[in-house]
Structure formats: C-alpha cells, structure tokens
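Taking it in order: structure first as structure tokens, then the write-up.
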Amino acid sequence: LAADLLCPHCQQKGLVQANMWQCKNCQKQYDFSIYCELCGDAVQRLTGCGSSEHFYCRTCKAPVSRKAVLYTMTDPQELL
C-alpha cells in the first residue's frame, strides 16, 4: 500500500498527493506511479465520496485491488 512505502533516502513514511510522494521526515519528493500487477500498464485511480481508494486497469478492463497494484517512486532530479 502507498502508506507503507518508505523513503529511499531516510527510510521514513510519507504522503501521496496527486502524482507526488513526499517524505514526512526529510521532505524529499518523488514522482509516484501505480501499475497493474497483471499487465504492467498504468492504472486509473478511482475515488468517490467516503470510499477507499480503488483502481481500474484499462488494458485488462477490470477493477484492480489496491493490494494488487505495483507502486513506483522515481526521483525527479535523476531524470535531468
């Protein structure tokens, strides 16, 4: 789960906001992406009023459990 990801720099938990993940401790930010575990394509995040986070894979044409997605974090500074 996204809440369980640890900062590669200081090994502390962080917060996800839009497509960014930010460490609560060192404030370092990372680009954040979520992929389908079955096909490897990016999934669409579905949110609703009072509902927990759900995902949908357009390639598989199926809902994907938040426990069945792959989370990746990339340092935007490394891409320069």
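Numbering of residues begins at 1 and proceeds along the displayed sequence.
With rounding to the nearest 0.5 Å, the separation of CZ in F55 from NZ in K67 is 12.5 Å. Interatomic distance, OH of Y30 versus SG of C7, reported as 4.0 Å (0.5 Å rounding). To the nearest 0.5 Å, the span separating CZ on F32 from CE on M20 amounts to 11.5 Å. To the nearest 0.5 Å, atom CD of residue Q22 and atom NZ of residue K24 are 11.0 Å apart. A distance of 5.5 Å separates CE in M73 from CG in L5, rounded to the nearest 0.5 Å.
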Distance-only donor-acceptor hits, side chain of residues 56-64, under 3.5 Å, sequence neighbours excluded:
unit_1, atom_1, unit_2, atom_2, d
R58, NE, Q44, OE1, 3.3
R58, NH2, Q44, OE1, 3.2
T59, OG1, D41, OD2, 2.5

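Under a 4.5 Å side-chain heavy-atom criterion applied to ILVMFWY residues, the cluster that includes L6 comprises that residue alone.
Counting only residues at least two apart or on different chains, no side-chain hydrogen bond (donor to acceptor under 3.5 Å, both in side chains) pair has a member in residues 3-19.
The two atoms that bring Y71 and R66 nearest to each other are OH-O, 3.2 Å, heavy atoms only. Between C10 and N25, the closest heavy-atom pair is SG-ND2, 3.5 Å.
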